[in-house]
Protein chains: 2
Amino acid sequence: MLITDKKMTGIMSKYVIGIDYGTLSGRSVLIDVSNGNELASSVFDYPHAVMDEKLPDGTALGVDWALQHPDDYLDVLGNTVPSVMKMAGIDAKDVIGVGIDFTACTVLPAKADGTPLCKTEKFKSEPNAWVKLWKHHAAQEEANRLNEIAEEQGQDFLKRYGGKISSEWMVPKVWQTLNEAPEVYNEADRFIEAADWVIWQLTGSEKRNTCTAGYKAIWHKHNGYPDKDFFASLHPGMRNFTQEKLSDDLYPVGTKAGEISSWAAQLTGLKEGTAVAVANVDAHVSVPAVGITDAAKMLMIMGTSTCHMVLGEKEKTVPGMCGVVEDGIIEGFLGYEAGQSCVGDHFQWFVDNSTPPSYFKEAEDRGIDIHDLLTLKAEKLKPGESGLMALDWWNGNRSVLVDVDLSGMMVGLTLATRPEEIYRALIEATAYGTRMIIETFRGNGVPVNELYAAGGIAEKNPFIMQIYADVTNMEIKISGSPQTPALGSAMFGAVAAGREQGGYENIVDAADKMSKLKDKVYRPVKENAAVYDKLFAEYKFLHDYFGRGANDVMKRLKNIRKTHV
Amino acid sequence: MLITDKKMTGIMSKYVIGIDYGTLSGRSVLIDVSNGNELASSVFDYPHAVMDEKLPDGTALGVDWALQHPDDYLDVLGNTVPSVMKMAGIDAKDVIGVGIDFTACTVLPAKADGTPLCKTEKFKSEPNAWVKLWKHHAAQEEANRLNEIAEEQGQDFLKRYGGKISSEWMVPKVWQTLNEAPEVYNEADRFIEAADWVIWQLTGSEKRNTCTAGYKAIWHKHNGYPDKDFFASLHPGMRNFTQEKLSDDLYPVGTKAGEISSWAAQLTGLKEGTAVAVANVDAHVSVPAVGITDAAKMLMIMGTSTCHMVLGEKEKTVPGMCGVVEDGIIEGFLGYEAGQSCVGDHFQWFVDNSTPPSYFKEAEDRGIDIHDLLTLKAEKLKPGESGLMALDWWNGNRSVLVDVDLSGMMVGLTLATRPEEIYRALIEATAYGTRMIIETFRGNGVPVNELYAAGGIAEKNPFIMQIYADVTNMEIKISGSPQTPALGSAMFGAVAAGREQGGYENIVDAADKMSKLKDKVYRPVKENAAVYDKLFAEYKFLHDYFGRGANDVMKRLKNIRKTHV
C-alpha cells in the first residue's frame with residue numbers, strides 16, 4: 001500500500017478552492033494547485049431555491065418572476081468551504097486562493113455597505129428588492145422597449161450583442177425595479193451582480209468583474225457604458241444610473257479582488273488574508289479549465305442548452321453572437337459568446353411527447369434509461385439513413401439568427417419513419433446549428449480551429465459527441481473534470497494568489513498545469529463527414545429560407561395563434 | 001305491433017342484390033328496389049386472402065407481389081347470395097337484378113372459355129398466371145419504363161392520368177407477365193379485370209365495362225387504346241396486345257351485361273334469367289349511391305387513403321388527377337378521379353410511432369380508444385391554436401403533384417407542442433390536401449359545388465368531418481349506407497333489370513329513389529373557415545415550395561439515403 005503522506009514527502013503542496021454557484025445549489029471543490037487534481041467536493045442546496053411563487057413572508061410573485069435569497073449564497077460558503085478542507089484533511093494555511101463563478105445576470109440592489117435591500121425591514125415584502133435570478137423573465141417589456149429605443153437611436157452597442165439586449169440582462173431588470181418599485185431604485189446605492197456581491201462579502205470591498213459588466217451590463221472596455229442620454233431616454237430617473245448605481249471600477253478576470261476578511265475567515269474557516277479572485281461566470285470560467293488560453297479554440301458547454309465561447313484577437317461583429325467582451329474570458333483576448341437555446345431540452349421534449357409506449361416497455365425490460373434505448377437504436381443508423389432533416393428551433397434560434405419567434409421544423413417524414421430516426425434527426429439538427437455558428441464566426445473574421453466540449457452531454461453521451469465531430473468535421477476534446485466551472489474558478493484563485501504564494505503568475509500558466517482533458521477525443525469519420533457535408537448544405541438552405549425572411553411562415557403561424565386564440 | 005307482411009299488403013316488392021368485392025372479403029347486400037333500404041347483408045372472407053408470400057402449392061413469391069385466387073370470388077357468390085335471400089326471407093323470383101363492384105385493377109389471364117390460367121395444371125406454379133391484386137406492386141419497373149417511353153413519344157394519354165401510369169394498372173402488370181412468363185402471356189387468350197371475369201361467370205359471356213378500361217387500361221371512348229406502335233415500343237411481343245388479349249367490345253356502367261346462366265343460378269340460388277349489370281369499381285359505384293348523378297358534385301371516399309370523384313360535362317386536363325373517363329362513373333358525364341395516398345394511415349402512423357405512454361394510460365383509464373382520446377383533446381383546440389402546419393405527404397403526393405418521392409413536413413414545433421396538437425395538424429393537413437384538389441379542379445374548368453363523403457372516416461368521425469367542412473368552407477353530406485358500394489351495385493342491378501321488370505330506366509331514376517344520405521350535414525363554421533383561409537394560404541405556399549421544384553430537398557434527402565445506405 002502506497003502512502004503519500006505530504007508531510008513525509010517534504011513537498012508542501014498548495015491548494016485552491018473553486019466555488020461554483022449554480023441555479024439551485026453551490027459547490028466548493030478543493031484542488032491541488034500543482035496539477036489541478038480534485039481532492040474534495042461539497043454541494044449545498046440553496047434553502048430558498050428559486051422563488052417563483054412567493055417571497056419568504058408569503059408575498060405573491062407575478063408570472064415569469066424568479067428570485068433568490070442572498071443568505072443562501074453565504075450559507076454555501078459557510079457549509080461547503082469548511083467541508084472540503086475537512087474531507088481532504090487540508091489545513092487552511094495551505095489554501096492559497098479562492099475563486100468563484102456564478103450564474104449571470106443574477107443581480108440585487110444593495111446599500112453602500114453591501115446590505116441587500118431585501119434584508120431591510122422596509123423592503124422585505126417588495127419583490128424588486130430581492131435577487132433577480134438569471135432566468136427572471138418578468139422584465140421582457142422593458143427589454144423590448146430598450147431594444148426599440150436603441151435601434152431607433154442607432155446605438156452601436158447592439159451589434160456586440162447580436163442586435164438584441166436580453167430580458168435576462170442587467171438594464172431591463174433594473175429598469176423594471178424603477179418602474180415597479182421606484183423607492184427601491186432610489187434607495188439602492190448599488191445594483192450588483194450576485195457574483196460581485198459575494199466577492200464583496202469575502203473581501204470587504206466592492207471590486208466588480210469586467211466579464212459580467214461586458215456580457216450583461218452593456219459595458220465596453222474602451223467606450224464604457226452607454227451614455228446618460230441613452231439611459232434618460234429609457235426613463236428620466238435612470239439618467240445617472242451607471243454613475244450612481246454601478247461602478248466603472250472594473251477588474252478583468254484573473255485579477256486579485258482582495259483577501260479573505262476576518263469576518264469571512266470566521267464564516268469559511270479560511271485563513272484571513274487568503275487571496276480572492278474577482279468573480280467570474282460559470283460558462284466563461286470553464287474555458288481555461290479545458291486548457292483554452294488563446295485564440296481560435298471554441299468551447300461548447302452542452303446541456304439543456306449550449307453555450308459556445310471562442311477567443312479572438314480582434315473585435316469583429318459576428319451576426320447572432322450573444323456578446324463580445326475584451327478580456328471577458330481571458331485577459332488580452334476578445335471573448336466571443338454564442339448559443340443554442342434548445343439542445344438537451346429538445347431531446348427531452350421528444351421523450352416526453354413523442355416516444356411510444358413500446359419503447360418505454362423495451363427500455364424497462366432491458367433495465368436501461370429511455371434515452372439510452374433511443375441511443376442504442378439511433379446509433380445503428382447511418383448518416384442520411386433516416387431521410388429526415390430538422391431545424392432545431394423548438395425554443396427559437398439564439399445564434400445566429402437571434403429570433404425567438406422561429407419554431408421547429410422537420411421534413412422527410414414517411415409512414416416508415418421510426419422514433420429513433422426522429423431522435424437522431426433532432427440530435428443532428430443541433431449539430432448543424434453548431435456548425436452554422438462555427439461557420440458564421442469563421443466567415444466574419446473569427447477563426448475557429450479547435451473544438452472542446454464540457455457539460456452533461458459532453459461528459460455522458462459519446463453518441464451525440466461523435467455526431468458533432470462528424471457534422472463539424474472537427475476533432476472534439478472533452479473537459480476532464482466533471483466540475484469544470486469549479487476547476488476554472490480554482491485556477492483563477494491560484495492566479496489571484498500569485499506565484500510567490502505557490503500559485504501562478506497568470507491564467508495561461510495556471511491552465512498549463514491545472515487544466516483537464518479526457519484521454520478520449522472524438523474524431524470525425526471521413527465517410528460520415530462527407531455525407532453530413534451534403535446534409536448540412538440542405539440544412540443551411542432550409543435555415544436561410546425559414547430564418548431569413550424568404551418565408552416567414554413560422555412567425556405568421558405564431559401571429560395567427562395569437563390573433564385567433 | 002305493426003306487421004308489414006308483403007303478401008297481405010298486396011304490393012309485390014322487388015329486390016336487387018349488390019355484391020361488393022373488397023381486398024379481403026366479398027359482401028352481398030339485399031336491397032329493396034323501391035326505397036334502397038337494406039334487408040340483409042352477408043360477408044364471406046376469401047379463403048386465400050392476399051397471397052404475398054407463396055402460392056397455394058408453396059411456390060414462393062417475390063417482394064411486392066400480391067395475388068388472389070379466382071375460386072374465392074365464386075365462393076363469395078355461392079355463399080353470400082343464398083344467405084341474404086334466406087336471411088331476408090325473400091324468394092329468388094322477387095330478385096330482379098344483380099350488380100357487382102370490385103377492387104381495380106385486379107387482373108388475371110384466362111383462356112377463351114374463361115378458365116383462369118392459374119387453374120390449369122401447366123401454370124398452377126407460375127405466379128404470373130394468378131390474379132394480380134390491385135396492390136401488387138412488383139411491376140414498378142415496367143411502369144417506370146412505360147412512363148419514360150410514353151413521355152419520349154409525347155403520348156397524349158398521359159395527360160388524362162395526371163402524367164403517370166401507375167404500376168397498379170393493367171399494362172404494367174401484363175407487361176411483367178410477358179417479361180417473366182412469356183408462355184403465360186402467349187397462352188392467355190384474355191387478360192381481364194376480375195370484375196369482368198365474375199360477370200362472365202354469372203352470365204356466360206364476356207362483356208367488359210368501360211370504367212376499368214378507362215381508368216386502368218388506358219382506353220378512351222373516342223380514341224380507344226394506345227396504338228400498336230406504342231405497345232410494340234414497350235415489347236415487340238405486345239404489338240397486338242389490345243386486339244388479341246383485351247376487347248374493345250366495352251359497355252358503359254349502367255348497361256345490362258346479360259342474365260344469370262343456369263350454371264350461375266345453381267351456384268347462387270338466383271333465378272336463371274335474372275338481369276346482371278356490367279361490372280363496376282368500388283369507389284365509382286358509390287357516387288350514385290349517395291345520390292350524385294350530375295356534374296359539380298364531389299364524393300370523397302375516406303379511409304386509409306382518400307379517393308375523390310367528380311362528374312364533369314367536358315373533358316378537361318386537370319393536373320394530378322388519377323384519371324378522366326367518359327361514362328366512367330355515370331353515363332353521359334366525364335368521370336374525374338383524384339386521390340390522397342395517406343389519410344387514415346397518417347393518423348395511425350402517429351398513434352403507432354409518436355404517442356406517449358401517458359396518453360395510452362389515460363385512454364385505458366377512461367375506457368376509450370386512443371384515437372378517441374386524441375380526438376377529445378384535439379377538438380378542444382381552436383383552428384390555428386397549435387401553431388403547427390404539416391404537409392400530408394408521409395406516403396408521397398398523389399393529387400395534385402403526382403410525386404411519390406415527396407415526404408412529410410411539419411413546421412411550428414415548440415417545446416410546448418403537445419401530441420394532440422400534432423394529431424390535429426395531421427388531420428388539418430389532409431383537409432388542406434383535399435382543398436388543394438378541389439381548387440385545382442375548379443381552376444381547370446371542372447366545377448365542384450357540392451361535397452359528399454363516404455367510407456370509415458366519414459361514417460365514424462364527426463371531428464375530422466367538421467374540420468374538412470371548415471377547411472373547404474363547404475357543406476359535407478354523408479353517405480347514408482354503411483355499405484355504400486354494395487348499395488351502388490344494387491342500384492346498377494336495378495337499372496340492368498329495367499323499368500318493366502320493376503327496376504329503373506336509368507341510374508338517375510334509381511339514385512332518385514334508392515340513394516341514401518344521413519340527416520347529419522357538416523356545415524362550415526364561419527369563424528373557423530376564416531382562420532383556415534389564412535392557414536390554407538400558408539399550406540399552399542409550402543406545398544408549392546416543396547412540391548414544385550423551388551426546393552427539392554425531399555427528393556435529395558431520399559437520394560442521399562439511397563446513395564449512402
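Here is the naming used below: chain letters follow the sequence lines, and residue numbers restart at 1 for every chain. Reckoned from all heavy atoms, side chains included, excluding hydrogens, waters and symmetry mates.
- In this structure, the separation between CG on N559(A) and NZ on K534(B) is 9.5 Å, given to the nearest 0.5 Å.
- When all heavy atoms of I422(B) and S354(A) are compared, the pair lying nearest together is CD1-OG, 4.4 Å.
- Dense packing is recorded around CD of E362(B), with more than 12 heavy atoms of other residues, nucleotides or ligands lying under 6.0 Å away.
- The contact between M554(B) and chain A is made entirely by side chain atoms (from C-beta outward), counting heavy-atom distances below 4.5 Å.
- Counting only heavy atoms from C-beta outward, the side chains of V531(B) and T563(A) never approach each other to under 4.5 Å.
- Heavy atoms of D352(B) lying under 4.5 Å from chain A belong exclusively to its backbone.
- With a threshold of 4.5 angstrom between heavy atoms, F546(B) approaches chain A through side-chain atoms but not through N, CA, C or O.
- Without hydrogens or angle criteria, W349(B) side chain to T417(A) main chain gives a donor-acceptor distance under 3.5 Å.
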Check your understanding: side chain to side chain contact (heavy atoms under 4.5 Å, CB included) between N395(B) and T414(A): does it pass, once the steps are laid out?
Key -> CA-CA 6 Å; N395(B) 195 20; T414(A) 76; over 6 Å; no
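- Scanning all heavy atoms of the two residues, the minimum distance from P356(B) to N353(A) falls at CD-O, 3.4 Å.
- Contact count against chain A (heavy-atom pairs under 4.5 Å) is highest for G387(B) among C342(B), A416(B), G387(B).
- Nearest heavy-atom pair across T355(A) and P357(B) is O-CD, 3.3 Å.
- Taking the side chain as every heavy atom from C-beta outward, L413(B) and S407(A) never approach each other to under 4.5 Å.
- Contact detail for L557(B) and V411(A): the closest heavy-atom pair is CD1-CG1, 4.0 Å.
- The environment of Q348(A) atom CD is dense: over 12 non-hydrogen atoms of other residues, nucleotides or ligands sit within 6.0 angstrom.
- Using a 4.5 Å heavy-atom cutoff, the side chains of M409(A) and M410(B) are not in contact.
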Review point. Are Y545(B) and N551(A) close enough, and set up right, to give a side chain to side chain contact (heavy atoms under 4.5 Å, CB included), and what steps lead you there?
Key: CA-CA 10 Å; Y545(B) 176 72; N551(A) 183 355; 5.6 Å; no
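- When side chains are defined from C-beta on, E538(A) counts as touching R556(B), because their heavy atoms get closer than 4.5 Å.
- Taking every heavy atom of both residues into account, R561(B) and E385(A) meet most closely at NE-O, 3.0 Å.
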